[in-house]
Amino acid sequence: MVDANQARRLVILGTGGTIAGRAAQASDHVGYVAGQVGVGELVQAVPALAGLPLDVEQVAQVDSKDMGLPVWQALARRIAVHLERPEVSALIVTHGTDTLEETAFVLQQLFGPGKPVVLTCAMRPASALVPDGPQNLSDAVAVARHTDACGVVVVCAGQVHGALEVVKVHTYQLDAFDSGDAGPLACVEDGQVRSFRPWSPAPAGPTHGTSLLARLLAASALPRVELITSHADAGGGLVRALLAQGASDADRVVRGIVVAGTGNGTVHQALAEALDEAEARGVRVVLASRCARGRVVPHPGLRFADSAGLSPVKARLALALELLAA
Ligand code: SIN
């Protein structure tokens with residue numbers, strides 16, 4: 001039996017991304033291939049991690065633009081195994097930045113506010129003259145070992161973000177993530193974690209727990225939920241094409257549509273009419289906002305269910321997981 005004070009082992013799981021990227025030239029920050037360097041090599045590049053009780057495992061090696069159910073299944077399977085180990089206090093996942101917020105959300109829905117699961121990344125490849133990955137990994141370990149840490153968080157550029165709030169906001173700068181109105185949970189300064197507010201990780205999704213995990217692991221695909229943006233001159237053609245495709249191909253039935261609405265969740269009239277038709281045919285419609293900040297403020301005039309503050313991509317996953325668990 002290992003008590004809480006002895007449970008100090010960390011597990012680092014690699015999934016690829018720019019943090020594991022390699023370019024032909026050290027000066028090249030954009031023309032690289034993501035997911036090339038093994039996670040063991042990434043750990044060895046951080047001298048501060050030498051001698052720590054660490055287990056390191058390569059779960060996948062992908063550019064996170066290609067993230068999806070197969071990697072989430074592999075990752076969730078290994079996280080579930082390691083979370084059960086009494087000697088393990090926290091997990092760290094290295095990941096590409098492009099869909100980091102989506103994986104963070106899925107893991108938060110699956111594993112909720114338990115032992116810390118800290119995702120980290122880099123904006124420059126491992127081969128860069130001055131890569132940011134080693135510092136981010138070192139900071140992620142500091143966070144994983146911190147007493148406040150719990151639940152699923154993201155560490156990048158010295159900031160700690162909650163899984164529900166975090167969003168990638170910059171294409172190139174090292175400080176590429178933001179937590180919107182909520183702000184980051186904490187920062188990391190020379191290995192010290194300074195919390196800005198109490199860490200109260202959101203509870204796992206309403207469908208979380210072993211049943212959602214079991215369903216995710218057994219699924220051959222997530223229920224089909226599409227994301228559509230409302231914009232000037234929008235129409236209902238995409239929605240009607242989805243409905244027509246589902247009518248002729250049972251494997252392609254759309255179960256839900258998330259609309260990234262304008263402003264406080266307004267939707268172009270022509271698109272809204274097509275969405276009404278979709279709802280009438282049993283398709284779930286959820287409304288988020290395409291605005292970078294704020295949330296859809298609920299009011300009686302809202303035509304569709306709102307995303308409860310989730311960004312469009314996270315609202316898409318929330319609905320897919322809800323449909324999976326139903
Ligand atoms: C990726 O998301 O895998 C590539 C981009 C990055 O990690 O910054």
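Atoms within a ligand are numbered from 1 in the order they appear, just like the ligands themselves.
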Visitor: Does any N or O in the side chain of Q73 come within less than 3.5 Å of the main-chain N or O of L216, such that one atom is a donor and the other an acceptor?
Guide: yes
Visitor: With only distance considered, is H95 within less than 3.5 Å of ligand 1 through an N or O on each side?
Guide: no
Visitor: Counting C-beta onward and ignoring hydrogens, is there a side-chain heavy-atom pair between D55 and L10 closer than 4.5 Å?
Guide: no
Visitor: With a 4.5 Å cut-off on side-chain heavy atoms, are V188 and V143 touching?
Guide: yes
Visitor: Give the atom numbers and elements of ligand 1 that come within less than 4.0 Å of a heavy atom of D98.
Guide: 2 (O), 4 (C), 5 (C)
Visitor: Is it true that a side-chain atom of D98 and a backbone atom of S64 form a donor plus acceptor pair closer than 3.5 Å?
Guide: no
Visitor: For atom 3 (O) of ligand 1, which protein heavy atom lies nearest, and how many Å away is it?
Guide: S64 N, 2.6 Å
Visitor: Would you call R295 and D306 a salt bridge, taking side-chain N to carboxylate O under 4.0 Å as the test?
Guide: yes
Visitor: Does ligand 1 have an atom that lies less than 4.0 angstrom from a heavy atom of A122?
Guide: yes
Visitor: Where the closest heavy atom to atom 6 (C) of ligand 1 is concerned, which of T99, D63, T18, T94 has it?
Guide: T18
Visitor: Output yes when the distance from some N or O of ligand 1 to some N or O of T97 is under 3.5 Å, and no in every other case.
Guide: yes
